[in-house]
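Only one structure is covered here, and it is reproduced in the block below.
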Amino acid sequence: MEFVQKLLRRVLLAVFSLFVIVTITFFLMNLIPGDPFMSEKATPEIRAELRAKYGLDQPIYVQYVRYLKGLVHGDMGNSYILQKGRAIASIVTESFAVSMKLGIRALLVAVFLGIPIGCIAGLWKGKVIDGFVRVFSAIGISVPGYVIAATLMLILSVQFGLLPISYNKPGGSVMPIIVLAMYPTCYLIRLTRASILEVLNQDYLRTERSKGMSEFIVIFVHALKNSLIPIVTYLGPLTASVLTGGFVAESVFNVPGLGRYFVTAVQNRDYTLIMGTTIFYAALIIFMNLVCDVLYQIVDPRIKIN
Amino acid sequence: MSGNVLLEVNNLEVSFRNGKVDVPAIQGISFSLHEGEVLGIVGESGSGKSVSSNCILRLLPGTGRITNGEIIFEGRDILKMSKKEITNIRGNDISMIFQDPMTSLDPLFTVGQQIGEALKKHSSLNSIERKERILELLNLVGINQPEKRIHQYAHELSGGMRQRVMIAMALSCNPKLLIADEPTTALDVTIQAQIIELLKELQEKLHMSIIFITHDLGVVSDICDRVVVMYAGEIVESGSKRHIFYQSHHPYTEGLLKSIPSMEQSRSVELIPIEGNPPDMQLLGPECPFAHRCKYAMNKCAQEKPPITDLGDGHEVSCWKEVLL
Ligand SMILES: Nc1ncnc2c1ncn2[C@@H]1O[C@H](COP(=O)(O)OP(=O)(O)OP(=O)(O)O)[C@@H](O)[C@H]1O
Ligand SMILES: [Mg+2]
């Protein structure tokens, strides 16, 4: 019962955060110079007409209130530019499906490579393999996504012709997945390594050994479970960010996902689409964090949701 | 002493690797323990109490190495055992409780799971029998509502309660030897007294041997039969409780005794026994390591380490005073 109450409070808090994000985005967006129709090859009169048609000539607070009203009724409006007249909700769902397909695979790569490699590096601290992993993960974290993307393209596509550059061709999703998974994999490697090193020094492992537990149980049951705790916290935001698609990976490889829509929406001042993608991103991140907190509580008996 | 010799430590030497140099921590100590006997190990911080007792279960931290000596338990040298043999002894014939009960239990497993692990490894009980045994153990160490506690996690228990759980865990397989490394230092005074009382009762009831490590000579006089006094990785004096408390011969023991806190002072106050500090273990010379702090120091003390003098009746001391005067 207590749990449900606390959860409810968290949900209310989440809705409030979302409201704040909507508000900030709305006003910031209107501060960007230009408007959705700036690039139309039309006379100033026609542009003014268009602005009036979409209500963009009204004072900003009027627009804001109108947008909120729509939102409460589940209406995010239609796209002004990119897919003229199409409902934002439908654009977002469709492009998110694309991002998700890519994201889930990248996420699996990150989790199933990052955590075991981090463990190995931690358990063999100071050995050659650890040094190798540390250099690799440092590079993976510090090199920006577009550099990785460009390098991969140059080597795998241009040089050796192994993979197509375009997303639509068979095998086209491999490079976007690598680019998307690179940072989270390396981050998970470092997080897991640090975490397991921390745990290996804990007194309770000595207690386990003093009971006659085998090294296998000490490491793979007790040390590992304890070192996964901080990783669970990171998995929420990680999932959200990977699922929503890297802006870079999608733009570079021309993947019709949410990330690319977000970037082009901003470039084109497609106001409703900017709002739509932002709200979706924010909601997803907030939701994943919530899921993570609940998960965290299940894994770690010490944590009570608050 | 009534029983047979259970444990015999001979000439144990331990050093820790510090960068490229080996720093000695234990410099050839020998002592023995009889069945049903309670042996106290006392000494200042850093004197090597924990290191020497950890050797008995081969639980030294990674950088530590046993460079010499033997540890004979029931006729077999523990230091020569295979990994499998030593894990069969740990928690079964010999078990340990540690200083800090706050950090010595795994936070992610329930009390019942953690006690059950040892039982599962060392006994042939099935899961129902194991649960019964756990409840029995929790009762034995004075934990109320064992049915509820068995499902609780470490963070739900107080410090004293956790140490009781540690004791229950250590006793789960009826060990012949319990090593208690400062089991009360991290607890507050009234709880300390309760835990000591509990260990005393359990020792009488189960008739096991105990090695009891402590800073606190008051506790030693309470529960130990014999006492070993350690200083700078060596045993400077050993003997029965009576020898140490009423006929001590070593100036260091004397200093320790003078610094027993009176009843009004808290027992948790760390003893600052004697003027000066123990020597830097990296810079040990040929002299008696206590010489620079000793008010009886003679020329000889600065030149050579004193030999062990047997004062009879199991009382031994390492001091030139005994040899020369
Ligand atoms: N992990 C370690 N690495 C390096 N040196 C160590 C390590 N553990 C202990 N030592 C050294 O071994 C010596 C003995 O330490 P030990 O922990 O046995 O002291 P102690 O008598 O138990 O002290 P305390 O009363 O503080 O517990 C000390 O000089 C210490 O510096
Ligand atoms: Mg110690």
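Computed from a predicted structure; not experimentally measured. The figures that follow rest on heavy atoms only: side chains count, while hydrogens, waters and symmetry mates do not. Per chain, numbering begins at 1; letters A, B, ... match sequence-line order.
- With a 6.0 Å radius and a threshold of 12 heavy atoms from other residues, nucleotides or ligands, Tyr153(B) has its OH atom above the threshold.
- Proximity to chain B is absent for every atom of Leu205(A), based on heavy atoms less than 4.5 angstrom apart.
- Counting heavy-atom neighbours within 6.0 Å of Arg134(A) CZ, excluding the residue itself, gives a total of 12 or less.
- To the nearest 0.5 Å, atoms CD (Gln99(B)) and CG (Asp203(A)) are separated by 9.0 Å.
- Distance check: Ser214(A) OG to Lys121(B) NZ gives 6.5 Å after rounding to the nearest 0.5 Å.
- With chain A as partner, the option from Asp100(B), Thr87(B), Ile179(B) having the largest number of non-hydrogen pairs under 4.5 angstrom is Thr87(B).
- Interface summary for chain A: among Ile89(B), Asn54(B), Leu57(B), Leu108(B), the most heavy-atom pairs under 4.5 angstrom belong to Leu108(B).
- Counting heavy-atom neighbours within 6.0 Å of Leu12(A) CG, excluding the residue itself, gives a total above 12.
- By the neighbour-count criterion of 12 heavy atoms within 6.0 Å, atom CZ of Phe136(A) is sparsely surrounded, having that number or fewer from other residues, nucleotides or ligands.
- There is no contact between Glu156(B) and chain A, counting heavy-atom distances below 4.5 Å.
- Of the atoms belonging to Glu208(A), it is side-chain heavy atoms, and not backbone ones, that fall under 4.5 Å from chain B.
- More than 12 heavy atoms of other residues, nucleotides or ligands lie within 6.0 Å of CG in Leu108(A), so this atom counts as buried by the packing criterion.
- Ser210(A) OG to Met169(B) CE: the interatomic distance, rounded to the nearest 0.5 Å, is 6.5 Å.
- With a 4.5 angstrom heavy-atom cutoff, Asp106(B) touches chain A via backbone and side-chain atoms both.
- Few gaps surround NZ on Lys225(A); more than 12 heavy atoms of other groups in view lie less than 6.0 Å from it.
- By the 6.0 Å contact criterion, OH on Tyr234(A) is enclosed, its count of non-hydrogen atoms from other residues, nucleotides or ligands being greater than 12.
- Considering all non-hydrogen atoms of both residues, Phe109(B) and Val221(A) come closest at CZ-CG1, 3.6 Å.
- Side-chain contact annotation: His222(A) with Glu117(B), donor-acceptor N/O pair under 3.5 Å present.
- Shown here for Ser104(B) and Arg206(A), the closest heavy-atom pair between the two residues is OG-NH2, 4.5 Å.
- Looking only at side-chain heavy atoms (C-beta outward), Phe98(B) and Thr207(A) come within less than 4.5 Å of each other.
- Counting non-hydrogen atoms of other residues, nucleotides and ligands closer than 6.0 Å to CD of Glu85(B) gives a total above 12.
- The two residues Lys211(A) and Ala118(B) have their closest heavy-atom pair at CD-CB, 4.0 Å.
- Neither the backbone nor the side chain of Met102(B) comes within contact range of chain A; no heavy atom of the residue lies under 4.5 Å from a heavy atom of that chain.
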